2 protein chains.
Amino acid sequence: MHVKIYDTTLRDGSQSEHISFSVEDKLRIAEKLDRLGIHYIEGGWPGSNPKDIDFFKRIRDVRLKNAKIVAFGSTRRASLSVEEDKNIKSLLDADTPTVCIFGKSWDLHVRDALNISLEENLKLIEDSVSYLKSRGREVIYDAEHFFDAYKANPDYAVDTLKVAERAGADTIVLCDTNGGALAYEVRDIINSVKTQIKTPLGIHAHNDSDMAVANSIIAVRMGVRHVQGTMNGYGERCGNANLCSIIPNIKLKLKIDCITDEQLKQLTEASRYVSEIANLSPQNNLPFVGSSAFAHKGGIHVSAVQKNPLTYEHIEPDTVGNTRRVLVSELAGRSNMLVKAKEYGYDLDKNSKKVQEILARLKDLESQGYQFEGAEASFELLMRRSFGRAKKFFDLEGFRVIVGTRENKLISEATVKVVVDGKKEHTAAEGNGPVNALDNAFRKALEKFYPEIKDTYLTDYKVRVLDEKEGTAARVRVLIQSSDDRSSWGTVGVSENIIEASWLALADSYEYKLMKVMKENV
Amino acid sequence: MHVKIYDTTLRDGSQSEHISFSVEDKLRIAEKLDRLGIHYIEGGWPGSNPKDIDFFKRIRDVRLKNAKIVAFGSTRRASLSVEEDKNIKSLLDADTPTVCIFGKSWDLHVRDALNISLEENLKLIEDSVSYLKSRGREVIYDAEHFFDAYKANPDYAVDTLKVAERAGADTIVLCDTNGGALAYEVRDIINSVKTQIKTPLGIHAHNDSDMAVANSIIAVRMGVRHVQGTMNGYGERCGNANLCSIIPNIKLKLKIDCITDEQLKQLTEASRYVSEIANLSPQNNLPFVGSSAFAHKGGIHVSAVQKNPLTYEHIEPDTVGNTRRVLVSELAGRSNMLVKAKEYGYDLDKNSKKVQEILARLKDLESQGYQFEGAEASFELLMRRSFGRAKKFFDLEGFRVIVGTRENKLISEATVKVVVDGKKEHTAAEGNGPVNALDNAFRKALEKFYPEIKDTYLTDYKVRVLDEKEGTAARVRVLIQSSDDRSSWGTVGVSENIIEASWLALADSYEYKLMKVMKENV
């Protein structure tokens with residue numbers, strides 16, 4: 001009685017219209033999913049995307065605790081033997097313990113898309129599954145379009161599963177590829193399949209009828225023990241089944257085991273992390289993990305919730321790492337803040353004046369567009385400053401950045417005036433762009449006083465435009481990730497001016513580094 | 001066999017965290033919903049919101065073709081007789097043909113929120129319904145928290161419905177107020193209620209478990225003929241059941257009548273209209289009505305959809321007034337490109353040299369980080385340029401952007417040198433940031449020659465850092481969305497320098513606008 005969660009954010013999720021992951025993004029998400037307790041992480045389709053080959057190479061060096069990495073592909077081509085098929089070969093080359101291949105179950109597709117006979121398609125499935133099994137892989141077989149296939153031609157649809165079963169597939173996944181199946185159809189069709197297939201079944205749903213989560217949960221209730229989906233429901237068209245809804249429904253409503261209680265508490269943070277990496281605003285009304293999911297506005301609701309949360313909340317927000325918010329009197333963040341403070345060595349009384357003060361400051365910054373998820377170094381600095389424990393390592397007297405064409409070339413140049421212990425340093429540097437030039441000039445000035453920053457480098461730079469509708473005059477949030485030999489930290493800056501926002505995040509990054517060095521030397 | 005659609009966007013929908021409708025907004029939405037064929041429009045809660053009283057006054061002057069206006073309220077207070085109750089009085093004063101009142105069915109709520117006996121609550125319901133009936137109103141009774149109530153105390157929950165029935169309620173609506181009910185629970189509970197209640201039943205679902213639409217559709221399949229929900233699923237926390245998904249599911253999947261085929265074709269436009277009035281960006285991945293709902297990215301999908309749309313689409317987009325879109329992206333191949341070319345009026349042979357040439361150019365641009373999803377205007381320009389059909393409206397001789405501190409203030413200034421028909425224009429402008437300054441200077445220069453760009457404004461500005469691990473020296477992709485009175489278009493620019501990337505996207509935007517004007521004048 002344990003449901004395996006299979007995440008395909010990195011493959012099917014990346015088909016979202018507005019998502020384009022780099023290999024670095026994928027590695028970071030994979031690590032996050034592993035910590036969340038996801039059982040399978042589908043990394044990509046090595047046969048169709050060269051970037052994915054790189055991912056499979058690099059993920060080998062990452063030590064995962066919970067997850068198996070899965071390479072995705074299709075059954076062999078009709079014109080080739082399975083040994084000759086490049087797609088199958090690249091699946092094996094990905095060198096993963098588990099592979100997932102999809103095959104056709106819908107007669108319409110066999111005829112109109114593959115242009116082969118129904119018989120030949122069965123052969124494709126059988127060959128591909130048994131070949132991959134013979135190479136020692138765990139094989140998950142995705143029956144593409146299974147529900148449409150079953151509605152069109154139930155015998156043939158089930159026949160495709162039977163050959164996959166005979167060929168040794170470890171799991172057979174019923175896919176609602178077009179997302180058109182309704183909940184009661186899913187129930188009836190699974191009921192029928194269960195009598196004919198003994199291999200463990202899985203479900204893979206899409207949200208085109210707004211039922212992907214319901215269909216997945218109904219499948220689990222009927223005994224399916226393998227669920228495929230994506231974080232935040234990312235995916236082509238209307239998206240895949242949303243794991244951030246499926247996991248808590250399985251754990252808290254069906255009361256079936258999948259990830260641990262402790263892992264479940266990380267769900268909200270994981271959801272927001274993935275949306276940050278995808279560079280998409282988190283959707284506030286997402287069930288369970290959205291920032292509005294436990295936000296109460298109506299007066300009746302607010303007072304009732306204060307008496308007994310059960311009156312207007314279907315679950316305890318804390319179980320999924322989310323928080324209740326009362327929109328009239330903002331209480332959010334306090335317990336979070338106390339936990340963080342403890343991490344930095346401050347044991348605070350939640351009713352103390354200091355806590356009120358920090359919360360007020362935090363609220364003010366958030367209303368300006370600051371956000372500290374993914375920028376915990378800036379948050380730690382904020383807290384230290386409010387305790388008067390942040391050393392002032394440098395003052396910035398001024399800077400200037402010039403970007404312009406000079407003899408048909410684009411030049412970026414920055415000048416920076418920094419003061420350390422009363423000594424002024426005025427430097428200039430060029431760069432690939434205005435922020436890079438500013439960073440170069442700033443480092444050059446600081447290194448004179450603090451040679452220890454030399455091993456610091458920026459590993460990630462993200463820009464998010466807030467209130468996008470304001471066009472180029474909107475506020476901008478810059479997130480910077482920095483590293484040295486030992487660790488990695490994130491900082492944030494917000495301004496209407498992208499250069500200033502970058503400057504603020506850069507200044508926090510170097511200040512954090514210097515504070516870290518100072519602590520290490522104590 | 002006809003399902004009545006009951007819209008509560010104006011009441012429950014306005015509980016959304018980010019929504020605040022004016023009376024004017026509500027009137028406009030009501031007219032739109034009427035045209036869409038909605039049967040009931042819940043206008044507000046006159047007893048709790050003075051703005052709503054104004055709405056009920058003004059809506060009387062609006063001639064509606066299809067919809068009945070409904071006033072919402074609660075059962076009488078325990079301490080007052082029904083005649084004395086102000087809330088009930090304001091319901092009658094709203095002067096609507098139909099009223100909807102909610103009452104408590106959950107024993108927990110009766111005790112913890114109302115603080116009265118279970119018996120007394122039954123009396124509240126009975127008095128309120130029969131009084132409103134005696135005043136000639138059609139009465140819809142909303143059984144708040146019905147599913148939780150039934151799970152806690154089925155006998156009492158059904159008793160509350162029985163008194164409403166006895167008092168003459170025309171419809172009894174089972175509400176999943178906290179959104180915690182799962183699809184199979186809804187089925188089982190309705191099955192039981194059906195044997196005990198003869199009054200027509202309705203359903204009112206919330207989306208906290210990500211199942212509001214599934215729960216509503218299952219209810220309809222079990223014979224419920226009154227469905228409450230909101231446009232785009234707006235509502236408190238995770239929102240109400242989304243009518244934009246429910247209506248097409250009822251019409252196209254269950255094949256039960258509700259609105260006409262012609263009205264259904266207006267659904268997409270109505271959805272976007274309401275989001276405009278609510279001042280919320282339309283959610284692109286909404287089932288049926290989202291701009292991505294029929295957008296295809298993967299090459300395999302695109303070529304299959306061309307052969308037979310059924311292969312990757314669960315319904316014809318046209319039936320709900322939406323359109324198929326083929327996205328141009330790194331995963332897509334030749335067939336996407338040919339479809340796009342056709343949209344722009346080029347009928348190309350897929351094996352022609354021109355197609356090879358454009359594909360090569362596209363591949364080159366994509367390897368630099370270009371991406372044309374959301375930047376279709378840039379793609380059209382690219383295609384026109386490769387056919388020699390793009391007019392050169394202007395040349396840029398040079399620009400310079402300066403951002404720097406001046407007397408403790410941050411100043412952004414840009415200068416631009418533009419040449420049109422041999423005439424040089426050299427201008428300067430300030431802005432909120434470097435890109436805004438550049439845009440201002442550029443417009444100022446161009447407007448001298450092309451006053452028609454005055455009605456163009458930037459509506460959206462997005463920045464994505466590519467290869468983020470390169471830090472501030474990484475490539476940057478800028479996506480700009482521009483609008484004039486008639487349409488909206490997206491352009492893209494890529495560079496290591498964010499200013500240059502922005503410049504490229506801006507230049508494309510103005511070039512596209514000028515091309516559009518030229519075409520309109522032909």
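Predicted model, so just to flag it, every value in this text is computed and none were measured. Quick note on labels: first sequence line is chain A, next is B, and so on, each numbered from 1.
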Item to check | Smallest separation among heavy atoms of F288(A) and C238(B), with atom names | outcome: N-SG, 4.4 Å

Item to check | Closest contact, heavy atoms only, N249(B) versus M211(A) | outcome: ND2-CE, 4.0 Å

Item to check | N/O donor-acceptor pair under 3.5 Å between H145(A) side chain and T311(B) backbone | outcome: yes

Item to check | When D210(A), D112(A), I402(A), D176(A) are compared by non-hydrogen pairs under 4.5 Å with chain B, the top option | outcome: D210(A)

Next on the checklist: Counting heavy-atom pairs closer than 4.5 Å to chain A, which one of Y457(B), Y234(B), F399(B) comes out on top?
Outcome noted: F399(B)

Checklist outcome for this item: Per-residue tally against chain A (heavy atom, under 4.5 Å) across G179(B), S292(B), G180(B) peaks at S292(B)

Checklist entry - Which heavy atom in K253(B) sits nearest to a heavy atom in L182(A), and how many Å separate them? => result CB-CD1, 3.6 Å

Checklist outcome for this item: Highest number of heavy-atom pairs under 4.5 Å with chain A among A113(B), A293(B), A501(B), A214(B) belongs to A293(B)

Checklist entry - Does CZ in R477(A) sit with more than 12 non-hydrogen atoms of other residues, nucleotides or ligands closer than 6.0 Å? => result yes

Item to check | chain A contact via N440(B) - side chain, backbone, both or neither, heavy atoms under 4.5 Å | outcome: neither

Item to check | Within-4.5 Å side-chain heavy-atom neighbours: N436(A) and E496(B) | outcome: no

Checklist entry - chain A heavy atoms under 4.5 Å from W503(B): which part of the residue, side chain, backbone, both or neither? => result neither

Checklist entry - Out of G233(B), G290(B), S245(B), G235(B), which one racks up the most heavy-atom pairs below 4.5 Å with chain A? => result S245(B)

Next on the checklist: To the nearest 0.5 Å, what is the distance between CG on N285(B) and CD on E17(A)?
Outcome noted: 10.0 Å

Checklist entry - Can you tell me if N178(A) uses its side chain to pair, donor with acceptor, with the backbone of L310(B) under 3.5 Å? => result yes

Next on the checklist: A quick test of your reading: do over 12 heavy atoms of other residues, nucleotides or ligands sit less than 6.0 Å from CG of N408(A)?
Outcome noted: no

Item to check | Any residue meeting salt bridge (Lys or Arg N to Asp or Glu O under 4.0 Å) with D148(A), in chain and number order, not counting sequence neighbours | outcome: none

Item to check | Interface moiety of A152(A) toward chain B, non-hydrogen atoms closer than 4.5 Å | outcome: neither

Checklist entry - Looking at K417(A), Q283(A), R406(A), which makes the most heavy-atom pairs under 4.5 Å with chain B? => result Q283(A)

Item to check | Worked verdict on Y312(A) versus D208(B) for side-chain contact (heavy atoms from CB on, under 4.5 Å) | outcome: CA-CA 11 Å; Y312(A) 286 97; D208(B) 300 73; over 6 Å; no

Checklist entry - Out of I218(A), N284(A), L286(A), which one racks up the most heavy-atom pairs below 4.5 Å with chain B? => result N284(A)

Checklist entry - Considering only heavy atoms, which portion of A183(B) lies under 4.5 Å from any heavy atom of chain A: side chain, backbone, both, or neither? => result side chain

Checklist entry - Got a second to check how far I411(B)'s CD1 is from R400(A)'s CZ, nearest 0.5 Å? => result 10.0 Å

Checklist entry - Under a 4.5 Å heavy-atom cutoff, which of V476(A), T405(A), V403(A), V463(A) has the most pairs with chain B? => result V403(A)

Item to check | side-chain hydrogen bond (donor to acceptor under 3.5 Å, both in side chains) involving S412(A) - partner list, sequence neighbours excluded | outcome: N497(B)

Item to check | Shortest non-hydrogen contact between S209(A) and H314(B), atoms and distance | outcome: OG-ND1, 3.5 Å

Checklist entry - Hey, which of R187(B), E397(B), H206(B) has the most heavy atom pairs under 4.5 Å with chain A? => result R187(B)

Checklist entry - Of the listed residues (G404(B), A181(B), G239(B)), which shares the most heavy-atom pairs with chain A below a 4.5 Å separation? => result G404(B)

